[in-house]
4 protein chains.
Amino acid sequence: MSPKIVDVDEKKKQITDAAIRVLARKGLKETKMEDVAEAAGIGKGTLYEYFKSKDELFLVAYRHIMEEFECQTDLKLPENVTTIDTLKAIISMMTSMHTSDFPLDHFQVLTEFWLEEVKSANQGKKRQFDMLATYREYIDLVKAVFEQGIQKGEIRDINPEHAATILMMIFDGLMLLWMLDKNSFDFKGTVDTFGGIFIKGIQKQG
Amino acid sequence: MSPKIVDVDEKKKQITDAAIRVLARKGLKETKMEDVAEAAGIGKGTLYEYFKSKDELFLVAYRHIMEEFECQTDLKLPENVTTIDTLKAIISMMTSMHTSDFPLDHFQVLTEFWLEEVKSANQGKKRQFDMLATYREYIDLVKAVFEQGIQKGEIRDINPEHAATILMMIFDGLMLLWMLDKNSFDFKGTVDTFGGIFIKGIQKQG
Amino acid sequence: MSPKIVDVDEKKKQITDAAIRVLARKGLKETKMEDVAEAAGIGKGTLYEYFKSKDELFLVAYRHIMEEFECQTDLKLPENVTTIDTLKAIISMMTSMHTSDFPLDHFQVLTEFWLEEVKSANQGKKRQFDMLATYREYIDLVKAVFEQGIQKGEIRDINPEHAATILMMIFDGLMLLWMLDKNSFDFKGTVDTFGGIFIKGIQKQG
Amino acid sequence: MSPKIVDVDEKKKQITDAAIRVLARKGLKETKMEDVAEAAGIGKGTLYEYFKSKDELFLVAYRHIMEEFECQTDLKLPENVTTIDTLKAIISMMTSMHTSDFPLDHFQVLTEFWLEEVKSANQGKKRQFDMLATYREYIDLVKAVFEQGIQKGEIRDINPEHAATILMMIFDGLMLLWMLDKNSFDFKGTVDTFGGIFIKGIQKQG
DNA sequence: TATGAATGAGAGTTCATTCAT
DNA sequence: CATGAATGAACTCTCATTCAT
């Protein structure tokens with residue numbers, strides 16, 4: 001009656017993981033379904049038992065990385081502390097993320113997806129991934145910190161939206177640079193320097 | 001030497017320009033040699049008279065964009081002014097670049113090349129483009145400004161290398177975000193806010 | 001002999017019925033083994049317990065339809081009536097068949113099998129279905145009617161083989177046209193008109 | 001300047017002819033693009049220089065056969081003759097068509113296209129070929145002959161639409177049977193017998 | 001020199017069939 | 001027996017590159 005029992009979700013995860021591995025190594029364009037199949041240790045046709053198409057597989061891979069990423073960055077903002085301390089925590093998280101278990105290769109994959117999205121945006125195509133929504137989420141979170149800090153009079157009256165954007169984007173920028181030059185670029189040091197400057201830059205009276 | 005050589009260079013430029021136009025519209029992956037030929041108003045086979053391969057053509061296209069970009073950003077740092085003023089000039093240049101004649105589409109192309117480079121770096125391949133060198137050049141330039149400022153006692157004693165890197169990368173980060181969300185993202189406002197915070201963050205006594 | 005054998009036949013029938021249902025809906029080319037399995041409410045692999053291959057299953061399906069069809073057309077030619085009356089009975093049977101319980105979809109399936117056969121014939125392949133034999137059977141039956149009629153002097157001295165063939169083929173031709181244009185084609189009317197002309201055409205003295 | 005000059009239409013025709021040859025031999029389902037390419041003596045990719053897709057190629061092949069067919073059947077109805085003579089001419093054309101230069105293989109191809117159409121009709125899909133229109137055209141032409149004959153009192157008052165349909169469909173039916181049994185089926189004889197019966201069947205007073 | 005017709009390796013995808021459970 | 005997960009050959013179609021003209 002019951003033949004081989006397969007945990008479909010487990011298998012999907014296996015395939016997705018294999019896909020991410022290949023994507024990290026070969027990039028979006030150069031990753032062939034056959035490569036993924038081989039990496040997953042299965043036949044080419046089997047992929048299509050679990051995913052309708054290359055696009056679907058890659059979309060799931062993207063979501064998978066995002067979830068993983070979001071786990072890492074689960075912003076548990078400390079309560080009952082000063083705004084400055086909260087921002088310090090956020091900035092130090094950047095470093096910890098960079099040195100954490102989150103595979104750095106995955107950033108590269110994420111970046112490629114992102115670029116694909118940028119291209120779609122540019123060509124007026126329907127976007128596959130709602131990266132903007134993800135950004136907004138983070139930015140809104142950080143923005144609230146600034147808003148409270150301003151309200152409480154703990155920091156200068158800067159534009160909270162802009163400040164939050166800057167905080168997010170400096171991380172992206174540095175990640176990209178690091179990808180290009182893993183050997184000699186001092187990620188942690190640069191983040192620390194940034195933190196010092198930024199904190200000082202928003203403090204009330206210096 | 002002979003007029004022919006001029007012709008060849010002229011033709012190469014025509015083709016490169018066409019390639020960039022198509023690249024900006026279609027992206028790296030979706031740009032076919034045929035598209036480029038059509039855009040250049042020549043035959044498909046003629047491309048191969050001037051460029052050995054797609055890769056070579058795209059490499060030249062990349063270099064072409066970089067030159068164009070470098071013209072725009074030709075950092076004519078003002079002399080005999082305070083470090084702070086110099087930095088203000090650099091930051092305001094970011095906005096001007098964003099609104100300048102440098103076609104914004106080309107940033108996208110540049111970004112794609114960059115990613116290609118990142119991927120190459122990751123795979124241990126020979127890098128096609130020497131982006132890192134370009135970055136270094138800019139960073140060294142800005143770094144010198146910080147070093148002088150520190151030496152003169154005009155700004156705090158921060159790590160000049162890091163500070164320069166931050167300045168470069170915030171621009172990249174914001175450009176990327178802007179590409180993703182051209183409509184609602186306030187590029188200039190964010191840069192201005194950043195400038196305010198950054199300047200204050202490096203000033204001697206706040 | 002053993003109850004199992006009955007089970008097997010029963011199951012085969014179930015599968016065959018399911019196959020015909022799918023064939024009627026999707027056509028020969030578009031019917032997948034998986035569709036048949038699903039329609040039969042069994043697993044894909046189970047099909048191969050009962051049929052060696054897709055071809056074998058379809059062959060059995062064809063035979064099944066033919067049997068069903070033959071039941072419908074079981075030419076119980078009336079005895080002790082005039083040849084003309086017999087022919088009228090045959091012609092009216094065409095209409096009744098068209099409006100009878102014999103699922104009209106099955107004609108389509110039959111037609112597809114037929115074409116497959118024509119193709120096989122053309123390629124010198126071994127024919128899968130013995131359609132010609134079936135035709136012969138019917139034609140011989142009808143031919144005998146004409147022969148008797150001629151012998152008895154009730155109808156003109158026409159070629160009985162040809163006349164029988166015409167009678168069979170007009171039905172096929174009209175069925176095909178009807179399939180192409182179910183909405184506006186008047187099957188019964190056309191058959192009736194044909195009957196009138198044909199009967200008059202073979203009568204002794206008009 | 002001008003490279004190889006190719007008559008696109010001529011080449012298209014060559015490919016279409018090759019396609020029809022293969023279609024006649026292998027059938028709609030079994031004809032692969034590679035087969036067609038081989039038959040045309042060109043590379044697989046070249047097909048796509050002239051036809052966007054398999055469907056398009058096959059559609060053109062169909063139209064090509066139809067044109068060829070229509071040339072053959074160009075009903076030049078004789079003028080100033082009796083209706084009976086006209087009908088005799090039509091019927092004798094059936095035989096001449098069958099023995100004419102019109103490649104009989106092409107009927108098979110046509111029939112397959114037709115069946116595809118029937119299937120499309122059945123599944124409510126958009127029809128690719130407008131076969132019904134072609135039939136209508138012929139039927140209307142023949143119908144007019146009957147109408148005039150009835151008006152002039154030369155033939156019995158039968159339903160002209162039905163009579164025309166019968167005339168067309170008997171040809172189709174016999175062609176199909178002939179395809180199934182090229183060796184022993186007497187096409188011409190059967191048509192002649194039909195002619196005799198039909199003419200007598202519609203005559204005024206027999 | 002300029003061309004574009006021709007190409008074929010290789011991409012994504014399908015599906016009849018197998019076989020471990 | 002029954003199953004459906006796994007498979008890979010084979011399909012349609014793409015496109016960088018070649019080469020006869």
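Lettering follows sequence order; numbering is per chain, from 1. Remember, predicted model here, so these are calculated numbers, not experimental data.
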So what does Tyr50(C) hit on the nucleic acid, given a heavy-atom distance under 4.0 Å: a base, only sugar-phosphate, or nothing?
sugar-phosphate

Which part of the nucleic acid, if any, lies within reach of Ile42(C) when heavy atoms closer than 4.0 Å are counted: base, sugar-phosphate only, or nothing?
sugar-phosphate

First encountered from the 5' end of DNA chain E, between Asp55(A) and Gly43(D):
Gly43(D)

Nearest 0.5 Å, what's the [atom1]-[atom2] distance between [X] and [Y]?
X: Leu28(C); Y: Leu23(C); atom1: CG; atom2: CG; result: 6.0 Å
X: Lys44(A); Y: Glu34(A); atom1: NZ; atom2: CD; result: 4.5 Å
X: Tyr62(B); Y: His106(B); atom1: OH; atom2: NE2; result: 14.5 Å
X: Leu57(D); Y: Lys12(D); atom1: CG; atom2: NZ; result: 10.0 Å

Rounding to an integer number of Å, can you tell me how far [X] [atom1] sits from [N] [atom2]?
X: Glu34(D); N: dC11(F); atom1: CD; atom2: C1'; answer: 10 Å
X: Phe51(C); N: dT18(E); atom1: CZ; atom2: P; answer: 16 Å
X: Glu30(B); N: dA16(F); atom1: CD; atom2: P; answer: 10 Å
X: Glu38(D); N: dC11(F); atom1: CD; atom2: C1'; answer: 16 Å
X: Leu47(C); N: dT3(F); atom1: CG; atom2: P; answer: 10 Å
X: Lys29(B); N: dA16(F); atom1: NZ; atom2: C1'; answer: 16 Å
X: Met33(B); N: dT14(F); atom1: CE; atom2: P; answer: 19 Å
X: Glu10(B); N: dT1(E); atom1: CD; atom2: P; answer: 17 Å

If every non-hydrogen atom of [X] is compared with every non-hydrogen atom of [Y], which pair is closest and at what distance?
X: Ile20(B); Y: Val109(B); result: O-CG2, 4.4 Å
X: Leu110(C); Y: Met131(C); result: O-CE, 3.8 Å
X: Lys26(C); Y: Thr31(C); result: CB-OG1, 3.7 Å

N/O donor-acceptor pair under 3.5 Å between Glu56(B) side chain and Phe51(B) backbone:
no

Closest approach to the side chain of [X], judged atom by atom: which nucleotide of [options] is it?
X: Lys54(A); options: dA16(E), dT3(F), dT13(E); result: dT13(E)
X: Lys32(D); options: dA2(F), dC11(F), dT17(E); result: dC11(F)
X: Lys44(D); options: dT18(E), dT3(E), dG10(E); result: dG10(E)
X: Glu49(B); options: dT3(E), dT7(E), dT17(F); result: dT3(E)

Should [X] be listed as having a side-chain N or O under 4.0 Å from OP1 or OP2 of [N]?
X: Tyr48(A); N: dT14(E); answer: no
X: Thr46(D); N: dA5(E); answer: no
X: Lys52(A); N: dG12(E); answer: no

In dot-bracket form, how is DNA chain F paired, counting a Watson-Crick or G-U wobble pair only if both its distances are under 3.5 Å and using | for bases paired to another strand?
.||||||||||||||||||||

Could you say whether Ser53(D) or Gly45(C) is positioned toward the 5' end of DNA chain F, judged by the nucleotide with the nearest heavy atom to each?
Gly45(C)

